[in-house]
Enquirer: 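Here you go, one structure.
We use all heavy atoms of the structure for the numbers below, so side chains are in, but hydrogens, waters and symmetry mates are not. For ligands, and for the atoms within them, numbers begin at 1 and follow the listed sequence.
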Amino acid sequence: MTGPVFTAGQLIANDEALRELRPRARLSVFGDPVAHSKSPEFHNAALRTCGIDAQYVKIHVGPEELTAALRALPQAGFLGTNVTIPHKAGALAEVDEADEYARRSNAVNTVMVKNGKLKGYNTDGPGLLRAIREEFSAEVRDLRVMVLGAGGGAGRAIAVQCAMEKCQRLVLVNRTAGKAETLAAELDAVAVPQEEAALRKALAETDLVINASAVGMKADDLSAVPAHLLRDGLLIYDTVYATGESRLVREGRAAGAKVASGLSMLLHQGALAFEIWFDRAAPVEVMRKALLGQS
Ligand code: NAP
């Protein structure tokens, strides 16, 4: 756990404790919970490296506080904020405008203050594309992709991004099958039930499996896909990073698959947020070092 956690009340009141921080608090992450967030470490490393006189802080924002907290950003002198669980959909409803991908994925994870107005973006999908490129030297548009947990917030954002990339095939899987079916109809994708026979068949026509479900967040979770369905040459990207390597990643590697965990997506969504706020390239390697140093 890193750095202090401020409250929405302190932001809204432009409280002295926040106002008098040096460097000045000008960026943040809003979440509930938020104490576990790794974002301040790597954003502050980037700000220091680039000589930007600003500090990135964690702000605990409860469900009833999101509107007021977002609206307090301009008057508190903030350049923007990141938004995490459970506020990504709520933030989309609150911003003055949002880019197309944020609207389609029904989620905002990055807000920029511009002339007193709030503009929303979502860097999760673009961050994932960069992570896939970096980890597997591959482009999503060239791959047949299966998204597990497609009915969740991250899963929807990833599925929308893959559809926007026009990947070669898009298969959506979700525990509650109806959610995958609805999204598949919207994205011209294929919904597959989370059952062994159906998964086996769909995996035979899949190059890249992305786990965006919550399975793997607890150390004793089962794998999101039974080990005997994994194979040599499959690409497996598990967005979960909370427990280090998930069982899916470990079992995938044992089966000969190429595997990667979600820290690279976390890094790149952060780097892309930095690029939005400052209109300049992010010092990705500095950010990576700060992130890996504390994970
Ligand atoms: P969410 O909206 O609550 O969605 C959770 C998803 O997991 C739903 O699809 C849900 O299915 C599924 N699920 C939950 N328990 C399950 C179980 N026991 N078996 C099968 N499926 C289950 O959460 P979220 O915000 O999308 O986050 C999901 C994951 O993405 C988290 O692990 C998070 O760490 C990860 N994530 C990573 C990054 C990154 O930068 N690496 C960014 C964002 C999110 P139902 O629809 O049936 O409930």
Side-chain angles (χ1 to χ4, degrees), residues 29-34 36-39 41-43 63 82-92 101-102 105-110 121-132 134-135 146-162 171-184 191-196 198-199 209-226 236-249 259-274 284 287-288 291-292 295:
V29 53
F30 288 1
D32 179 17
V34 75
H36 66 282
S37 174
K38 296 173 188 290
S39 295
E41 288 300 319
F42 65 81
H43 275 295
N82 282 134
V83 177
T84 188
I85 287 175
H87 296 310
K88 291 183 185 179
L92 176 68
Y101 171 60
S105 55
N106 193 33
V108 158
N109 81 335
T110 301
Y121 302 84
N122 189 339
T123 64
D124 282 337
L128 174 82
L129 296 182
R130 282 196 185 180
I132 298 290
E134 180 179 286
E135 302 275 10
M146 175 187 283
V147 180
L148 306 169
R156 181 186 170 90
I158 287 168
V160 167
Q161 185 71 69
C162 292
V171 172
L172 307 182
V173 181
N174 200 62
R175 177 179 59 180
T176 311
K179 293 190 201 169
E181 287 161 12
T182 305
L183 186 59
V192 160
Q194 196 172 299
E195 291 161 7
E196 180 156 338
L199 285 178
V209 176
I210 301 171
N211 177 39
S213 81
V215 178
M217 289 188 77
K218 294 193 239 79
D220 58 353
D221 273 354
L222 293 174
S223 175
V225 181
I236 300 176
Y237 192 87
D238 197 339
T239 70
V240 173
Y241 54 82
T243 51
E245 281 199 341
S246 67
R247 189 173 287 201
L248 173 64
V249 165
V259 295
S261 300
L263 278 177
S264 49
M265 175 177 165
L266 180 71
L267 168 71
H268 288 295
Q269 65 74 30
L272 286 158
F274 184 98
V284 176
M287 296 172 88
R288 190 193 311 274
L291 175 62
L292 297 181
S295 65

Enquirer: Contact between ligand 1 and Ala242 is defined here as a heavy atom of the residue under 4.0 Å from a ligand atom; is it met?
Expert: no
Enquirer: Report the part of Ile85 in contact with ligand 1, treating N, CA, C, O as backbone and CB onward as side chain, heavy atoms under 4.0 Å; options are side chain, backbone, both, neither.
Expert: side chain
Enquirer: Whether the side chain of Gln194 engages the backbone of Val173 through a donor-acceptor N/O pair (distance < 3.5 Å, no angle test) should be reported.
Expert: no
Enquirer: Checking contacts here: is it the side chain or the backbone of Val215 that comes within 4.0 Å of ligand 1, counting heavy atoms only? Could be both or neither.
Expert: side chain
Enquirer: Please report whether atom 19 (N) of ligand 1 has a protein non-hydrogen atom at a separation of less than 4.0 Å.
Expert: yes
Enquirer: Suppose I only count heavy atoms of Tyr241 and a 4.0 Å limit; which atoms of ligand 1 are within that range?
Expert: 39 (C), 41 (N)
Enquirer: Lys88 to ligand 1: N or O pair under 3.5 Å?
Expert: no
Enquirer: Tell me the nearest of Gly125, Gly152, Ala150, Ala177 to atom 8 (C) of ligand 1, using heavy-atom distances.
Expert: Gly152
Enquirer: Which residue and non-hydrogen atom of the protein lie closest to atom 48 (O) of ligand 1, and at what distance in Å?
Expert: Arg175 NH2, 2.9 Å
Enquirer: Got a protein heavy atom sitting under 4.0 Å from atom 40 (O) of ligand 1?
Expert: yes
Enquirer: With heavy-atom distances below 4.0 Å as the criterion, list the atoms of ligand 1 near Thr176.
Expert: 45 (P), 46 (O), 47 (O)
Enquirer: Of the protein's non-hydrogen atoms, which lies at the shortest distance from atom 7 (O) of ligand 1, and what is that distance?
Expert: Ala214 N, 2.9 Å
Enquirer: Under a 3.5 Å distance rule, please check whether Ser246 uses its side chain to pair with a backbone N or O of Val249 as donor and acceptor.
Expert: yes
Enquirer: To which protein heavy atom is atom 1 (P) of ligand 1 closest, and what is the distance rounded to 0.1 Å?
Expert: Gly153 N, 4.0 Å
Enquirer: What atoms in ligand 1 come closer than 4.0 Å to a heavy atom of Val240?
Expert: 32 (O)
Enquirer: Give a yes or no answer on whether the side chain of Tyr101 reaches the backbone of Ala157 with a donor-acceptor pair at less than 3.5 Å.
Expert: yes
Enquirer: Passes side chain to side chain contact (heavy atoms under 4.5 Å, CB included), Gln161 versus Asp124? Steps please.
Expert: CA-CA 9 Å; Gln161 185 71 69; Asp124 282 337; over 6 Å; no
Enquirer: Quick check: closest heavy atoms across Ala212 and Val147, and the distance to 0.1 Å?
Expert: CB-CG1, 4.4 Å
Enquirer: Quick one, Leu272 and Arg130 - any side-chain contact, counting heavy atoms below 4.5 Å?
Expert: yes
Enquirer: Of His268, Gln269, Met265, which has the heavy atom at the shortest distance from atom 42 (C) of ligand 1?
Expert: Met265
Enquirer: Show, in sequence, the C-alpha distance, side-chain angles and deciding distance for Asn82 and Thr110, and conclude whether the side chain to side chain contact (heavy atoms under 4.5 Å, CB included) test is met.
Expert: CA-CA 4 Å; Asn82 282 134; Thr110 301; 3.2 Å; yes
Enquirer: Could you tell me whether the side chain of Gln269 and the main chain of Leu266 form a donor-acceptor pair under 3.5 Å?
Expert: yes
Enquirer: Side chain or backbone, does Gly262 bring an N or O within less than 3.5 Å of an N or O on ligand 1?
Expert: yes
Enquirer: Under a heavy-atom criterion of less than 4.0 Å, does Arg156 contact ligand 1?
Expert: no
Enquirer: Is there a side chain to side chain contact (heavy atoms under 4.5 Å, CB included) between Arg288 and Glu134? Walk through the geometry before answering.
Expert: CA-CA 13 Å; Arg288 190 193 311 274; Glu134 180 179 286; 2.8 Å; yes
Enquirer: For atom 29 (C) of ligand 1, what's the nearest protein heavy-atom neighbour? Residue, atom name and distance, please.
Expert: Ala212 O, 3.5 Å
Enquirer: Is the backbone N or O of Val225 less than 3.5 Å from a side-chain atom of Ser223, with the two atoms forming a donor-acceptor pair by type?
Expert: yes
Enquirer: Pick out which of Val215, Val171, Asn211 makes a side-chain contact (heavy atoms from CB on, under 4.5 Å) with Leu148.
Expert: Asn211
Enquirer: Over all heavy atoms of both residues, which pair between Thr84 and Gly31 is shortest? Give the atoms and the distance, please.
Expert: CG2-CA, 3.8 Å
Enquirer: Nearest protein heavy atom to atom 9 (O) of ligand 1, by residue and atom, and its distance?
Expert: Asn174 OD1, 2.7 Å
Enquirer: Where on Ala154 is there a heavy atom closer than 4.0 Å to ligand 1, on the side chain, on the backbone, on both, or on neither?
Expert: both
Enquirer: Give the numbers and elements of all ligand 1 atoms closer than 4.0 Å to a heavy atom of Lys179.
Expert: 45 (P), 46 (O), 48 (O)
Enquirer: Considering heavy atoms of the protein only, find what lies nearest to atom 34 (O) of ligand 1 and give residue, atom and distance to 0.1 Å.
Expert: Met217 CE, 4.1 Å
Enquirer: Considering the heavy atoms of Gly149, write down every atom of ligand 1 situated less than 4.0 Å from one of them.
Expert: 9 (O)
Enquirer: Roughly how far, to the nearest 0.5 Å, is the OH atom of Tyr237 from the OG atom of Ser261?
Expert: 7.5 Å
Enquirer: Using side chain to side chain contact (heavy atoms under 4.5 Å, CB included), reason through Val259 and Asp238 one step at a time and then give a plain yes or no.
Expert: CA-CA 8 Å; Val259 295; Asp238 197 339; over 6 Å; no
Enquirer: With atoms numbered from 1 as shown, which atoms in ligand 1 lie under 4.0 angstrom from a non-hydrogen atom of Gln194?
Expert: 20 (C)
Enquirer: Among all protein heavy atoms in this structure, tell me which lies nearest to atom 36 (N) of ligand 1, with the distance rounded to 0.1 Å.
Expert: Thr239 OG1, 3.8 Å
